[in-house]
Visitor: 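Handing you this structure, nothing more for now.
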Protein chains: 2
Amino acid sequence: MKDQDAKTLSNTQRAVRDLRQMILSGELAAGTDHLESELAETLGMSRTPIREAALMLESKGLLEMRPRKGVRILPVSSDDMREIYDILTELESLAAQRAAQAGYSDDELEVLAGSIAKMDQAIEAEDLEAWAEADELFHQELVRLGGNKRVEAIVAMMSDQVRRARATTLFIRPLPVKSNEDHRVVFQAISEGRPDVARERHREHRLQAQAMLCRILEKHRLNSL
Amino acid sequence: MKDQDAKTLSNTQRAVRDLRQMILSGELAAGTDHLESELAETLGMSRTPIREAALMLESKGLLEMRPRKGVRILPVSSDDMREIYDILTELESLAAQRAAQAGYSDDELEVLAGSIAKMDQAIEAEDLEAWAEADELFHQELVRLGGNKRVEAIVAMMSDQVRRARATTLFIRPLPVKSNEDHRVVFQAISEGRPDVARERHREHRLQAQAMLCRILEKHRLNSL
DNA sequence: GCATTCTTTAATGTATACGCAAATAAATGC
DNA sequence: GCATTTATTTGCGTATACATTAAAGAATGC
C-alpha cells in the first residue's frame, strides 16, 4: 500500500490523488485559496508536481488557478448543480439505453443488482451514508455497462464536482424510497433488453431527482456549496 | 496580434494553442510520438511550459503522455467516433431543447440564422470547406444558446477530437442537402419556442449524420484517423 | 549465431533558481 | 488627513540542473 504510494506513483499522481481527496472531503474548503508553495509543503514535495496536479484538477473543474491569488477551490452554485444534473441526465440515460442494447447476462449484471440490494438494506436500516454509497455504485456501474469510456470519464468528472455537496444535501432530502423503485425498473429494462424503456425510465428518474434537489436547495437558500 | 501573443499570453498558453493547432491541422500527425524536448525546441521555449500544455491537452483527449516514449498524438478510431457522436447527439439535443425554452428573440438568433444561410450558399457553390465551417458554427452557436457552460466545454472537446477526421470524411460523404433542411427545422422550433420538437428533431438529425458517417467509414475501411 | 548480462545512453520527473509583474506597504506632496 | 507616487515584498512563470530509470547497444559466454 505504502509501497504502491512511493514506488509506482509519481509525485504528480500522488498530488492529484491527495488534492482531489482533500477537496472532496472538505479539508480544502470550497471557495478557499491556497498558494502553490503551501500545498507543496503540505504534501511534502516541490512546486513542480503541485502545479502539474493543479492543472489537471483545473481541467476537471475542481479548482481554478489564478495568478498571484493562489489555487482556488471552486464552489458549486445551484446553477452549477443544474448544469451538472442536466448533463448527468442525458449521459446516464444514454448509458442505460446502451446497456439494455448490449444484452448482458445476469452474471454481468451482478454488480448492478448488488447495488440495488445494498440500497434496499440501507433504507431498511435508515443508513443514509450507506444508501448514498450504494446509489453511487449503481450509477457508476450503469455508466460502465453503457460501454462508452468518454461518457464514463465525463460522468465521473461531474460526479466529483457535486460529491462535496452530498454531505449537505443528503440529510435534508426525503428518504429515497421512490428512488429505489426507479432503480429496479431501470434494472429490469436492462436485464430484459428493452433500450427505450431503460432510457426513458432512467431519464424520468434523473429529472425527478434533479427537481427534488433544486427544490430543497432553493428552500434552504443553499446557493454555494 | 503579435503583441497579444508575446505580452498577454504565457508560454504555457501559447503552447496549448499552438500544439492544438498543429494537431488539428495534421502537422503533428495522429499516432506519432514527439519528445518533450523536440516540441520545446520547435516552439522556442523550455520543457516546463510544454509539459504543462501537454498535460492540459491530455485531459482534453488530444494526446497521451507516456514515460520515455514521448507525447503521442492520439488517433481516433471508428469506435472513438461512435463514442463521440453518441455524446454529441445527447448534449446537442439538450442544448436545442434548452435554447427553445429560453425564448430568444430574432436578434439573439441572428448568428444561428446566419450560419444556416451560409450553409445554403456553400451548397449552392458546392464549396464543402465553407459548408463545413458554417456547419461547425451552427452547432457551436446552438450549444452556446443552450446556456450550459459545461455542455459547451464538453462539446468543444469532443469536436476537437473529430475535427482532424473532417478533412478525410468531408469529401467522401454525400452532399449535405438533407442536413440543411434539418437545421432549418431545428431553428424554427427554437424560434417558435417548441422545446420538444427542437430536441427530437435535432436528435434525429444527429443520429442520421452519425449513421451516415459510420457507414462511409466502414465502407472505406477507415479505422483510425 | 543466439541468448544473456553488463554498459551506456537518453528522456523523464522533480527540485531549484531567478526575473518579472502584481499587490501591498511606505513615503511624499498637498 | 488624503491622494499619489515610490519602495518593497511576494508569488508565479519559466529556465535549468540533476537523479532516476527504462531502453538501446555492446560485450560476453556458450
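Per chain, numbering begins at 1; letters A, B, ... match sequence-line order.
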Visitor: Rounded off to whole Å, could you give me the CG-to-P distance for the Asp33(A) and dA23(C) pair?
Guide: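 In whole Å, dA23(C) P lies 13 Å from Asp33(A) CG.
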Visitor: Would you say Ser46(A) places a side-chain N or O within less than 4.0 Å of OP1 or OP2 belonging to dA15(C)?
Guide: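 True: Ser46(A) side-chain N/O within range (under 4.0 Å) of dA15(C) OP1/OP2.
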Visitor: Taking the side chain as every heavy atom from C-beta outward, state whether Ile154(A) and Met158(B) have any atom pair closer than 4.5 Å.
Guide: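 When only atoms from C-beta onward are counted, Met158(B) and Ile154(A) do touch, with a gap below 4.5 Å.
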Visitor: Could you list, one pair per line, each protein nitrogen or oxygen that sits under 3.5 Å from a nitrogen or oxygen of nucleotides 10-13 of chain C, together with the distance?
Guide:
residue: dA11(C); atom: N3; partner: Arg68(B); partner atom: NH1; Å: 3.2
residue: dA11(C); atom: N3; partner: Arg68(B); partner atom: NH2; Å: 3.1
residue: dG13(C); atom: OP2; partner: Arg51(B); partner atom: NH1; Å: 2.4
residue: dG13(C); atom: OP2; partner: Arg51(B); partner atom: NH2; Å: 3.1
residue: dG13(C); atom: N7; partner: Arg47(B); partner atom: NH2; Å: 3.0
residue: dG13(C); atom: O6; partner: Arg47(B); partner atom: NH1; Å: 3.1

Visitor: Looking at residues at least two apart in the chain, or sitting in another chain, which of them share a side chain to side chain contact (heavy atoms under 4.5 Å, CB included) with Thr42(A)?
Guide: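 Thr42(A) satisfies side chain to side chain contact (heavy atoms under 4.5 Å, CB included) with Met22(A) only.
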Visitor: For Asp135(A), check salt bridge (charged side-chain N to carboxylate O under 4.0 Å, His left out) against everything at least two apart and list the hits.
Guide: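 So Asp135(A) forms no salt bridge (charged side-chain N to carboxylate O under 4.0 Å, His left out) with any residue.
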Visitor: Residues two or more places apart in sequence or in another chain: which of them pass ring-ring contact (aromatic ring centres under 6.0 Å, His included) with His34(A)?
Guide: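 His34(A) satisfies ring-ring contact (aromatic ring centres under 6.0 Å, His included) with no other residue.
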Visitor: Sequence neighbours excluded, which residues qualify as side chain to side chain contact (heavy atoms under 4.5 Å, CB included) partners of Leu35(A)?
Guide: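 Per chain and number, Leu35(A) pairs via side chain to side chain contact (heavy atoms under 4.5 Å, CB included) with Ser37(A), Glu38(A).
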Visitor: For the pair made of CD in Glu41(A) and P in dT10(D), what is the distance, rounded to whole Å?
Guide: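 Rounded to whole Å, this separation is 15 Å.
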Visitor: Rounded to the nearest Å, what distance is computed from the CG atom of residue Leu43(A) to the P atom of nucleotide dA15(C)?
Guide: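 One finds 11 Å between P of dA15(C) and CG of Leu43(A), rounded.
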Visitor: Using whole Å, what does the distance between atom P of nucleotide dC12(D) and atom CD of Gln13(B) come to?
Guide: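 Interatomic distance, CD of Gln13(B) to P of dC12(D): 15 Å.
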Visitor: With Leu24(A), which residues qualify under side chain to side chain contact (heavy atoms under 4.5 Å, CB included), at least two apart?
Guide: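 Residues passing side chain to side chain contact (heavy atoms under 4.5 Å, CB included) with Leu24(A): Arg20(A), Asp160(A), Arg163(A).
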